[in-house]
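The structure appears below as structure tokens.
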Amino acid sequence: MQLDVQYGRTRVNFTLRYARRKTLAIHVHPSGEVEVVAPEGTSVDAARARVARRAAWIVQQQRTFAQYPPPLSAREYVSGETLRYLGRQYRLRIEEGAEHIALRHGRLVVTLPDTRDAQLRAALVERWRRARADFVFREVYARALQLVEPIGIKHERGVEIRRLEKRWGSCSRSGRILLNGQLIAAPRVCIEYVIVHELCHLAEHHHGPAFYRLLTTVLPDWEARRDTLNRLVELPA
């Protein structure tokens with residue numbers, strides 16, 4: 001549902017979506033689009049009122065995102081393209097040789113027998129990203145377990161990498177934690193925030209006040225980490 005509110009001379013447009021949740025959430029995407037996810041049964045007037053109260057923050061987020069370049073077009077995996085890894089931008093360099101891929105002096109150097117093979121270029125890069133995600137996520141997960149241990153949260157199942165739509169992670173009631181593989185583009189502190197967020201769901205499954213109190217106890221700066229994640233990395237659709 002497309003709605004809007006007036007903030008001074010600015011009209012704030014937003015999409016209202018209903019979901020099975022207890023609290024209303026406002027998301028400002030890197031594209032500048034505003035999405036409101038509300039509990040089922042929330043009135044349009046209540047959603048508008050919440051957006052109006054948060055309008056100053058929404059407009060500031062949109063202005064911040066507007067300072068950054070637009071997202072890249074469909075990736076072709078050719079020399080000169082950029083790839084974000086752990087928060088930093090690396091430029092791709094494609095060379096002829098035996099199959100190999102490595103970071104060198106701010107570049108991601110990919111060597112392969114036939115540099116014209118677009119399918120192989122893509123496969124090599126994505127295979128490398130997946131391997132790095134598996135390694136880094138396991139490291140950060142181990143650190144996150146230490147952070148939540150003082151509040152009585154324990155977990156031994158590790159994390160699984162999946163293609164997730166419109167979210168960085170999820171935690172089922174059975175304790176299965178899934179992480180979006182594209183999260184490898186974010187800084188480690190942002191990855192840690194996502195994993196701690198999902199671990200906190202082991203104690204508080206819904207995004208209610210108790211959940212956010214728990215998250216704040218573990219990561220007092222979680223909002224700054226979330227904002228950095230939203231600013232640097234666009235959530236895949």
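Only heavy atoms go into these numbers, but all of them, side chains included; no hydrogens, no water, no symmetry mates.
Counting non-hydrogen atoms of other residues, nucleotides and ligands closer than 6.0 Å to CZ of R226 gives a total above 12.
Judged by distance alone, the side chain of E81 and the main-chain N or O of E76 form a donor-acceptor pair under 3.5 Å. Looking at R48, its side chain does come within 3.5 Å of a backbone N or O of D4 through a donor-acceptor pair. Side-chain atoms of T111 come within 3.5 Å of backbone N or O of H100 as a donor-acceptor pair. In this structure, R84 contributes its side chain and A186 its backbone to no donor-acceptor pair below 3.5 Å.
Linking ILVMFWY residues whenever their side-chain heavy atoms come closer than 4.5 Å, directly or via other members, leaves V78 and L103 in distinct clusters.
In this structure F14 satisfies the ring-ring contact (aromatic ring centres under 6.0 Å, His included) test with no other residue, sequence neighbours excluded. Taking the ring-ring contact (aromatic ring centres under 6.0 Å, His included) definition, one finds that F137 meets it with nothing, sequence neighbours left out.
Of the charged side-chain nitrogens involved, none lies within less than 4.0 Å of a carboxylate oxygen, so that R130 and D134 do not count as a salt-bridged pair. Looking at R20 and E40, no side-chain N of the basic residue comes within less than 4.0 Å of a carboxylate O on the acidic one, giving no salt bridge.
Aromatic ring centroids of H205 and F211 lie 6.0 Å or more apart. Aromatic ring centres of W128 and Y85: separated by under 6.0 Å.
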key: Stepwise side chain to side chain donor-acceptor pair (under 3.5 Å) check, H201 with H206   = CA-CA 7 Å; H201 277 311; H206 298 287; over 6 Å; no
query = Would E223 and R225 count as a salt bridge (charged side-chain N to carboxylate O under 4.0 Å, His left out) if you check the C-alpha gap in whole Å, the side-chain angles of each, and the deciding distance to 0.1 Å?
reply = CA-CA 5 Å; E223 289 181 283; R225 298 189 191 208; over 6 Å; no
message = Under the criterion side chain to side chain donor-acceptor pair (under 3.5 Å), I'd like the reasoning laid out for Q182 against R129: C-alpha separation, chi angles, the key distance, then a yes or no.
response = CA-CA 8 Å; Q182 299 302 315; R129 281 163 54 88; 2.4 Å; yes
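A cation-pi geometry, defined here as NZ or CZ lying under 6.0 Å from the six-membered ring centre and within 45° of its normal, holds between R54 and W57.
Under the 3.5 Å distance criterion, with hydrogens and angles disregarded, no donor-acceptor pair is assigned to the side chains of Y212 and E204. In this structure, a donor-acceptor pair under 3.5 Å is present between the side chains of T15 and Q2. If you check the side chains of Q61 and R231, you find no donor sitting under 3.5 Å from an acceptor.
Pairs passing the salt bridge (charged side-chain N to carboxylate O under 4.0 Å, His left out) check and including a residue from residues 144-155, sequence neighbours excluded, read E149-K154.
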